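Following: one structure in structure tokens, then a few remarks.
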There are 2 protein chains.
Amino acid sequence: MTAPGKPSTAEELRGVGLRVTAARVALLDTVREGDHLGVEAIAAGVRDRVGHISLQAVYEALHALTAAGLLRRIEPPGSPARFEGRVGDNHHHLVCRSCGTVADVDCAVGHAPCLTASDNRGFSVDEAEVIYWGLCPACSSTPDDRL
Amino acid sequence: MTAPGKPSTAEELRGVGLRVTAARVALLDTVREGDHLGVEAIAAGVRDRVGHISLQAVYEALHALTAAGLLRRIEPPGSPARFEGRVGDNHHHLVCRSCGTVADVDCAVGHAPCLTASDNRGFSVDEAEVIYWGLCPACSSTPDDRL
DNA sequence: CACAGACTTGGATCCATTCCATTTCTTGAA
DNA sequence: TTCAAGAAATGGAATGGATCCAAGTCTGTG
């Protein structure tokens, strides 16, 4: 089974080996419907759906879902962590210096300097900050992950 | 006066309208010699030079120097803020997921997808995170900066 | 059904950062 | 050189996001 079309939230959870609980389903839905929500906002959204959830449970679930690859965590310098449901595609973010609003942008692959977003969504961009994540030479030659 | 060649640290401070104090000179030198240092490391470096400085003074001075454009603050998600002396040029960073080491990279302007750094310095990059800073449509049409 | 895993409650704790009131110091002018 | 204005530095307290802990309850899942 598992119609290839569009798996339900529950099926997605199961698909990555996580238990399906009301809280997690509500959390996943909340994050996907929301727009780069912070932890508090997510907790509020989940409470709207299932009545109650503790902040700790929210943190726990966010970790689990992020680790499972169902959510992505972004942390614009200067503001608390935010989460989004868009994963898998390589997209970046526009952050407003004034109000902190976050918007998605596709990666400008293939053309232009990386300073230019493929679509600036109406933002007036004054800086592009790029962080390349990976392993430094020393760490990539080390067998295990030492932290 | 002010030989165009290479202004002293003190002259640079004066040049941006800041007072010249031993602490600031030492701090600026420390950051420039160091490699993406954190606040604690900077404080330690300054203490090596001038004997003593409070953490608060370090924060205050870092703010002042950053605002003045003499330093740049970078904040890789998951680690405390770091400061560097390279300003003015548009360069980005390589961050090691394992040890947190930060290295500079020039912007890959003009060629390649932004996923590819101009020189990866030996890092094995698995992700490029781009944050475009600017003002969202709403904020850019607003006369004053409301936060 | 039984159990591992998830959730709750209620702490405590950690860390980076900021705020406060007070004192000290740099600086430019007298 | 002396002085006053105002910026900078100080110690101490406080804030806020995030994490962790332990004990007990609940609940998916095999």
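Note that this is a predicted model, so its numbers are computed, not measured. We name chains A, B, ... by the order of the sequence lines, and we start the count at 1 in each one.
Across dT27(C), dG5(C), dA18(D), the shortest atom-to-atom separation from the side chain of Val20(B) is found for dT27(C).
Arg49(B) and Thr30(B) are linked by a side-chain donor-acceptor pair at a separation below 3.5 angstrom, with hydrogens and angles left out of the test.
Across all strands shown, Ala81(A) has heavy atoms under 4.0 Å from sugar-phosphate atoms exclusively, and none from any base. At the heavy-atom level, Gln56(A) lies under 4.0 Å from base atoms of the strands shown. Counting any heavy atom pair closer than 4.0 Å across all strands shown, Ala61(B) reaches no nucleic acid atom. Ser54(A) comes within 4.0 angstrom of a base, heavy atoms only. Counting non-hydrogen atoms under 4.0 angstrom, Arg47(A) reaches nothing in the nucleic acid.
Scanning atom types as modelled, one donor and one acceptor separated by under 3.5 angstrom connect the side chain of Arg19(A) and the base of dA4(C).
As rounded to whole Å, 6 Å separates atom P of dT10(D) from atom CD1 of Ile53(B). As rounded to whole Å, 14 Å separates atom C1' of dC19(C) from atom OH of Tyr59(B). Atom CD of Glu40(B) is separated from atom P of dC14(C) by 15 Å (rounded to the nearest Å). Remark: P of dC25(C) and NE2 of His52(B) are 13 Å apart, rounded to the nearest angstrom. Residue Ile42(A) contributes atom CD1, which lies 14 Å from atom C1' of dG17(D) at whole-angstrom precision. Following rounding to the nearest Å, Leu55(B) (CG) and dC15(C) (C1') show an atom-to-atom distance of 12 Å. Here the C1' atom of nucleotide dT27(C) and the CZ atom of Arg24(B) are 13 Å apart, to the nearest Å. One interatomic measurement links the two molecules: CG of Leu13(A) to P of dT27(D), which rounds to 18 Å at whole-angstrom precision.
In this structure, Arg82(A) and Val102(A) have side chains that are in contact, with non-hydrogen atoms separated by less than 4.5 Å.
The shortest distance between the side-chain N/O atoms of Thr21(A) and the OP1/OP2 oxygens of dC7(C) is below 4.0 Å. For dT19(D), one of the phosphate oxygens OP1 or OP2 lies less than 4.0 angstrom from a side-chain nitrogen or oxygen of His63(A).
A salt bridge does not link Glu12(A) with Arg24(A): none of the charged nitrogens is closer than 4.0 Å to a carboxylate oxygen.
For the pair Ala10(B) and Val20(B), the tightest heavy-atom approach, listed with the atom from each and the gap, is O-CG2, 3.6 Å. Taking all atoms of both residues into account, the shortest heavy-atom contact from Ala23(A) to Val46(A) is O-CG1, 4.2 Å.
Mapped onto DNA chain C by nearest heavy atom, Arg14(B) and Phe83(B) fall at different nucleotides, with Phe83(B) at the one closer to the 5' end.
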